[in-house]
2 protein chains.
Amino acid sequence: MTRARKAVLDALRSAEEPLSAAGVIARIGDICDQATVYRALSYLEETGSAESFVLHCARDGTERYYIAAGERHHHWFHCESCHRFIDLGVCRLGRLCDQLEREFDVRVTEHTLYFSGLCGDCRK
Amino acid sequence: MTRARKAVLDALRSAEEPLSAAGVIARIGDICDQATVYRALSYLEETGSAESFVLHCARDGTERYYIAAGERHHHWFHCESCHRFIDLGVCRLGRLCDQLEREFDVRVTEHTLYFSGLCGDCRK
DNA sequence: CGCCGTTTTGCAAGTGATTCGCAGAACAAG
DNA sequence: CTTGTTCTGCGAATCACTTGCAAAACGGCG
Ligand SMILES: [Mn+2]
Ligand SMILES: [Mn+2]
Ligand SMILES: [Zn+2]
Ligand SMILES: [Zn+2]
C-alpha cells in the first residue's frame, strides 16, 4: 500500500460519511495529485477496500461517493437541505435480492440503494 | 407539449427500458438538437412525466437514465454483460421507507435503487 | 390577420467530474 | 548497482451535460 493509497483509504475510514473525490482531496491536502486520488479510489474499489455509488444532488451535481468497505455494506440517507449523509445501517435487502433472483432468473451481484429527503434537523 | 418534448416522451414511453439522453437521441433522430433533448428531459422530470436515476456501468460509464413515469414507480436490473435492463416491477420498499423514517427521524422523499449482475441469457 | 410578450429552440461555447498519455520517481528483486 | 515493474505528477483530453444568446414559435387579443 503506497503512501497515496494509504492516505486516501485513511480519509475514507475516518470519514463518518461517503466522500466524493473532491471530499477526499479536501481532507488529504497536498499529499498527492488529484489524478492519483482518482487512481487510488479505483484501486481501492477494485481490491475490495472501498465501495462507491453515484448520487445526483441539486447543490453538488452528479458525483461518485466512496466509502471504506466494512464487514457488511451499509446504505445511506442524503439530506437535500444540509447535504449530510446519515448511515442507515447494514443492508436490509438480502431477502429481496434472493427473491428477485428467483423471480426474474438473474444473478444479482450488486445493488445501489440510497434515500434522500430531509433529515430531522432540517425538517424543524 | 411541444413537438420536441412530445418526441422525447414518446421515445421514453415506447422504450421497454430506461434510456440515457444518448439513447433518446438515437431513437428520435434529427427531430431536435441535443440541448433540446436534455432540456426536454428536465422538463418532463420536473413536471412528473418522467423519472431518472444515475447508473455507472463499465461499458457506458456514468449516465443518467430516464423512464416515462407510470402509476407507480418501478426498479430495474442491469445486466453487466448485455447491458439490457430488466423491469423488476413496482417498488417493494414502501415498508422499509416508513421504517427508516421512524428509526432515523428523517423524511424520505425519494430513493434510488437498482440491481446489477448477469441476466438469465448471459449466465448460460 | 397583425402585434407583442412569453416560451422554446438551435448552435456553439463552456463546465465539471473524471481519465489518459507520458516521462520521471519509487520499488523490488537479483 | 542494474533492471524490470509499478506508481505518480503534470497537463491535456474526454465525456456527459449545461448555458448564453439570438432567432423561431407560440399565445392571446384587439
Ligand atoms: Mn447533496
Ligand atoms: Mn451498461
Ligand atoms: Zn439535513
Ligand atoms: Zn445479459
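All values below come from the heavy atoms of this structure, side chains included, with hydrogens, waters and symmetry mates left out. Since this is a predicted model, take the numbers as computed values, not measurements. The sequence lines fix the lettering, A, B, ..., with proteins before strands; numbering per chain opens at 1.
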* Please examine the side chains of B:His83 and B:Glu17, heavy atoms only from C-beta on, and report whether any two atoms are closer than 4.5 Å. => no
* Structure fact -> So CD1 of B:Ile86 and CG of A:Leu100: to nearest 0.5 Å the spacing works out to 10.5 Å
* Structure fact -> note: B:Glu45, atom CD; D:dT18, atom C1'; distance rounded to Å ~ 15 Å
* **Donor-acceptor contact present, side-chain A:Glu45 to main-chain A:Ser52, <3.5 Å** => yes
* Contacts of A:Glu110 that satisfy side-chain hydrogen bond (donor to acceptor under 3.5 Å, both in side chains) - sequence neighbours left out -> none
* Reading 5' to 3' through nucleotides 24-29 of chain C, protein heavy-atom contacts under 4.0 Å coded B for base, S for sugar-phosphate only, - for none -> ------
* Asked: A:Arg59 has an atom CZ; how far is it from atom C1' of C:dG16, in whole Å?
  -> 15 Å
* Asked: Sequence neighbours excluded, which residues qualify as salt bridge (charged side-chain N to carboxylate O under 4.0 Å, His left out) partners of A:Asp98?
  -> none
* Structure fact -> Heavy-atom nearest pair, A:Asp60 first then A:Glu63, reads CB-OE1, 3.7 Å
* Structure fact -> So, with a heavy-atom separation below 4.0 Å from DNA chain D, the residues of residues 13-23 of chain A are none
* Asked: Considering only heavy atoms from C-beta outward, does the side chain of A:Leu12 approach that of A:Val24 to under 4.5 Å?
  -> yes
* Asked: How far apart are the C-alpha atoms of B:Tyr114 and B:Leu55, what are their side-chain angles, what is the distance that settles it, and do they pass the side-chain contact (heavy atoms from CB on, under 4.5 Å) test?
  -> CA-CA 8 Å; B:Tyr114 56 79; B:Leu55 177 143; 3.7 Å; yes
* Asked: What is the per-nucleotide protein-contact pattern of nucleotides 3-10 of chain D, from the 5' end, where B denotes a base atom under 4.0 Å from a protein heavy atom, S denotes such proximity for sugar-phosphate atoms only, and - denotes neither?
  -> ----SBBB
Short N/O separations, protein against nucleotides 4-6 of chain C, under 3.5 angstrom:
none

* Pair B:Arg27 + B:Asp10, salt bridge at N-O below 4.0 Å -> no
